[in-house]
Amino acid sequence: MRKYLALVLSVLFILCFSAAAYAVHETEAPDEAVVAKGPTKITLGGKILVRGWLFDDVSGVNGRNVVPDGDAGSTSFYTTNVNLMVDAKVSDNLRGMIELETASGGSANSGLFIWGDSARGYDSKPNADILIRQAWIQYTGSGLLGIPSGVKIGHMPISLGEKQFLNNERFGDDAIVVWVDPMKELHILAGTVKLNEGNIAESFDDLNGYVLLATYMWDKDNTVGINGLWAHSDGNCPSTDATVNVDELNFYNVGLHANGKIVGLTYGAEVDFQFGEVDDHVDFGDVDPRGWAAFLKLGYNLDIVNLRGSFAYGS
């Protein structure tokens, strides 16, 4: 019995020593990230965000808000978000990222847990799950095409232009994107994005996005660009219901955007044009959607005060 006990204690001692050795800080500077020694650089990070909420004369605080509602009274509660991140730079060209975040009750569109949720009682863990917010691998280099290029695969934040038409940065999408930089100022990107996936054995309930983006820096402070998204489905218009409801859906958005700073004035602008075809919708028949939208934001920093304003208008 003593031999087995000694063996177990020895193994535990080795494991503890290995864990401590793995967590050694590369530098003693207190304000730098924790990394692992060796050719692979692993950076650990994260955040904890605690907030208190007070709603008065607002009904439906979980999303279906009615403002004002004089009969709603007051509601208050606390929430917490927790993010844990591992950023691994395996070599000068290869990088991987994993970010975990809390979620409320397993929801894929929630990043928080509410204090005291689901009547869990005292002396209990929060009603929260840990889900993946980011998980991707990225390779960059110039060997294949002779110019700077890269490919990124996995689950990642996705947005286009000034983020008016497509902005899925909060929780991200599964995507494959490739890019090239033919010159220092020009960046060209193409990719495919899984915008909606229902039954993985069926294709009718998928909504696939195909994106193109090109930006040009005409000086160090200003960038202009063009972006496009083609959303395609072979049987479902997801904004109506989750069944086979169309023969085919093809929807396009083309945007022109710019951002930067001129004489201390910061700006961002975008104009988008939408068009496409929805074939034989079960309720509406053939539909040819059309639309446009414009957006402008301005800002000026007066040292202690930052003045900002924005305007948006759409068809």
Side-chain angles (χ1 to χ4, degrees), residues 55 58-69 71-72 103-112 129 131-133 155-177 190-213 226-257 270-295 310-315:
F55 294 90
V58 177
S59 65
V61 295
N62 290 324
R64 301 183 180 274
N65 307 83
V66 177
V67 182
D69 185 349
D71 298 326
S104 180
S107 170
N109 298 111
S110 170
L112 53 80
D129 294 297
L131 301 182
I132 295 174
R133 182 174 180 266
H155 193 86
M156 64 194 77
I158 293 290
S159 64
L160 287 175
E162 290 301 302
K163 309 173 185 178
Q164 296 309 294
F165 178 74
L166 178 63
N167 183 10
N168 289 351
E169 288 190 338
R170 181 62 186 91
F171 299 110
D173 290 307
D174 301 318
I176 302 173
V177 295
T192 176
V193 184
K194 181 63 71 173
L195 296 172
N196 186 74
E197 175 69 78
N199 187 338
I200 61 172
E202 301 287 350
S203 62
F204 79 87
D205 53 4
D206 292 2
L207 184 65
N208 297 310
Y210 305 93
V211 300
L212 286 172
L213 171 72
I226 182 171
N227 64 82
L229 169 70
W230 167 30
H232 172 77
S233 177
D234 289 320
N236 178 250
C237 182
S239 61
T240 51
D241 57 62
T243 62
V244 177
N245 53 32
V246 298
D247 282 347
E248 188 177 41
L249 179 148
N250 291 287
F251 186 80
Y252 305 90
N253 183 89
V254 177
L256 304 173
H257 63 274
E270 180 164 355
V271 57
D272 291 276
F273 303 93
Q274 297 95 29
F275 53 94
E277 297 178 348
V278 180
D279 296 335
D280 195 20
H281 191 283
V282 293
D283 295 322
F284 310 112
D286 293 336
V287 180
D288 296 325
R290 297 288 185 273
W292 65 272
F295 169 78
S310 60
F311 171 80
Y313 188 84
S315 61

Which residues share a side-chain contact (heavy atoms from CB on, under 4.5 Å) with [X], sequence neighbours left out:
| X | answer |
| --- | --- |
| Ser315 | Trp292 |
| Asn109 | Ser107, Phe171 |
| Asp205 | Glu197, Asn199, Glu202 |
| Leu256 | Ile226, Val271 |

With rounding to the nearest 0.5 Å, note down the distance linking [atom1] in [X] to [atom2] in [Y].
| X | Y | atom1 | atom2 | value |
| --- | --- | --- | --- | --- |
| Ile158 | Arg170 | CD1 | CZ | 15.5 Å |
| Leu207 | Asn196 | CG | CG | 6.0 Å |
| Leu229 | Tyr210 | CG | OH | 11.0 Å |
| Glu162 | Asn167 | CD | CG | 10.5 Å |

Can you tell me which residue among Val211, Val254, Leu213 is in a side chain to side chain contact (heavy atoms under 4.5 Å, CB included) with Asn227? Leu213
Pro289 versus Phe275: any side-chain heavy-atom pair under 4.5 Å?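 With C-beta onward as the side chain, the pair stays apart.
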Go through the steps to decide whether Lys194 and Asn208 satisfy the test side chain to side chain contact (heavy atoms under 4.5 Å, CB included), and finish with yes or no. CA-CA 5 Å; Lys194 181 63 71 173; Asn208 297 310; 2.7 Å; yes
Going by the rule side-chain hydrogen bond (donor to acceptor under 3.5 Å, both in side chains), which residues pair with [X] if we only count those two or more places apart in sequence or in a different chain?
| X | value |
| --- | --- |
| Asp174 | His155 |
| Gln164 | none |
| Glu169 | Ser159, Lys163 |
| Asn253 | Asp272, Gln274 |

Look only at the side chain of Asp286 and the backbone of Asp280, and say whether a donor-acceptor pair between them is shorter than 3.5 Å.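 Flag set: sc Asp286 to bb Asp280 pair under 3.5 Å.
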Check for a donor-acceptor pair, side chain of Arg133 on one end and backbone N or O of Pro157 on the other, with a separation under 3.5 Å.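 Side chain of Arg133 to backbone of Pro157, a donor-acceptor pair under 3.5 Å: no, none is there.
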Can you give me the closest heavy-atom contact between Asp288 and Glu277, atom names plus distance?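 Where Asp288 meets Glu277 most closely, the heavy atoms are OD1-CG, 3.7 Å.
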Let me have the donor-acceptor pairs involving side chains of residues 230-237, under 3.5 Å, with sequence neighbours excluded, atom names and distances please.
unit_1: Trp230; atom_1: NE1; unit_2: Asn250; atom_2: OD1; d: 2.9
unit_1: His232; atom_1: ND1; unit_2: Leu249; atom_2: O; d: 3.4
unit_1: His232; atom_1: ND1; unit_2: Asn250; atom_2: OD1; d: 2.8
unit_1: His232; atom_1: NE2; unit_2: Asp234; atom_2: OD1; d: 2.8
unit_1: Ser233; atom_1: OG; unit_2: Phe204; atom_2: O; d: 3.3
unit_1: Ser233; atom_1: OG; unit_2: Asp206; atom_2: O; d: 2.9
unit_1: Ser233; atom_1: OG; unit_2: Gly235; atom_2: N; d: 3.3
unit_1: Ser233; atom_1: OG; unit_2: Asn236; atom_2: N; d: 3.0
unit_1: Ser233; atom_1: OG; unit_2: Asn236; atom_2: O; d: 3.0
unit_1: Asn236; atom_1: ND2; unit_2: Asp241; atom_2: O; d: 2.8
unit_1: Asn236; atom_1: ND2; unit_2: Thr243; atom_2: O; d: 2.7

Considering residues at least two apart in sequence or located in another chain, which fulfil the ring pair (Phe, Tyr, Trp, His ring centres under 6.0 Å) criterion with Phe311? none
Leu212 atom CG, neighbour heavy-atom count above 12 within 6.0 Å: yes
